[in-house]
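Everything on this sheet refers to the single structure shown next.
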Amino acid sequence: MVATHLDTESMHEHVVMKRGVRSGLPIVVAVHSTALGQAIGGCRIAHYPHWRDGLTDALRLSAAMSDKCALAGLPNGGGKTVVALPPGRTLDAAARRAVLHDAGDAIAGLDGAYATGPDVGTGPDDMVTIAGRTPHTFCRPVHAGGSGDSSGHTAVGVLAALHALCAERFGSADLSARSFAVLGLGRVGGHVLRMLADAGATLVAADIDESRRMLADTAGAAWTSPQDCLTADVDVLVPAALGGLLTPHTVPTLRCAAIAGPANNQLDIPATADLLHQHDILWAPDIIVSAGGIIHATAVELHQETSTQATARVQGIADTLADILRTARATGSTPAAAHSRARHRIEHGRR
Ligand code: PHE
């Protein structure tokens, strides 16, 4: 059958898919929207069963970045770079440099329509390498002229979101009275765990990497398997690893009362938001919760604000989320309505 309706409104503006000339690895740079300004989004280096899965991920992640920027009130659109590694493939220093230069060339070819930053599998030093091929990078180390590692700022935003979430769900923003299951102790998850420990919260934590157990021990968190962490009997689940964990299969097994974390694309499909609502689990959209990194980096690098001013903006995530949660309650809808709000802003920007 021939499609009679192509949804070109939400279609990506530009997607580059290439086999890196130096690395031989599949590289995708997806520019979802520049309606509000330059598209931004991190460079992810991750394993995928097939390069097509990396392409699919890049399309989803870049579209979510458009929503993230719009809801954060930034004059930017969404994009993403994905380097799809075959299962089991590791990168030595030379291979890493080769693939980052390949990615840098792909980004340079977009003439400033998109700028990259760190993401899963990359950090500030990798941005210096990419900057060897294109000036359009965020979050190089401070000594190299950037705003530095964004993960701590993303974590600050997650904490702000957790305060707003707890106020809405439990009637108090006090985190010391609550229990949290932090799933994923990577750069952002590790910071979130420490900050929750400092706030006096009761903690459970997990990561597929056993070596992260030390982080959990230091924070006084009980260590469990990722599976048990997902279904832990806690007040709040904090997804801080890869996305797609909330599905029609997993939601009925959850025992938390609320969910908020920095993992991108937590829902497998949009309808899972309704399922969470039916199970009386209050879900905070990751497009709001995870915005601390881009808010800080753009404030400092594009708008010449001080890090202190930028951090105050990151704290604004609490108000943005509180407003979305309140509106959802008042209208009997779900917080997933944040997506429509974002698209409305983007459409408005286009005109
Ligand atoms: N990877 C983060 C994100 O996608 C952080 C980031 C900061 C990305 C700045 C681009 C620019 O939100």
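Numbering of ligands and ligand atoms starts at 1, following listing order.
Scanning the protein heavy atoms around atom 2 (C) of ligand 1, the nearest turns out to be P118 O, 3.6 Å. Closest to atom 7 (C) of ligand 1 among all protein heavy atoms lies I294 CG2, 3.6 Å. Nearest to atom 12 (O) of ligand 1 among the protein's heavy atoms is K68 NZ, 2.8 Å.
Remark: ligand 1 atoms within the under-4.0 Å shell around heavy atoms of M65 are 3 (C), 4 (O), 12 (O). Interface of G41 with ligand 1, defined as ligand atoms under 4.0 Å from a residue heavy atom, comprises 8 (C), 10 (C). Interface atoms of ligand 1 facing K80, defined by a heavy-atom separation under 4.0 Å, are 4 (O). For ligand 1 and G42, the ligand atoms under 4.0 Å from any heavy atom of the residue are 4 (O), 8 (C), 10 (C).
Smallest separation of non-hydrogen atoms from P335 and P285: O-CG, 3.3 Å. Closest heavy-atom contact between P118 and C139: CD-CB, 3.4 Å.
Each of L254, L275, I281 was checked for a side-chain contact (heavy atoms from CB on, under 4.5 Å) with L246, and the lone residue meeting it is L254.
Side-chain polar atoms of H32 and S66 form a donor-acceptor pair below 3.5 angstrom.
Here D119 has heavy atoms under 4.0 Å from ligand 1 in both its backbone and its side chain.
Between M127 and P124 there is no side-chain heavy-atom pair separated by less than 4.5 Å. The side-chain heavy atoms of H163 and L175, taken from C-beta on, include a pair separated by under 4.5 Å.
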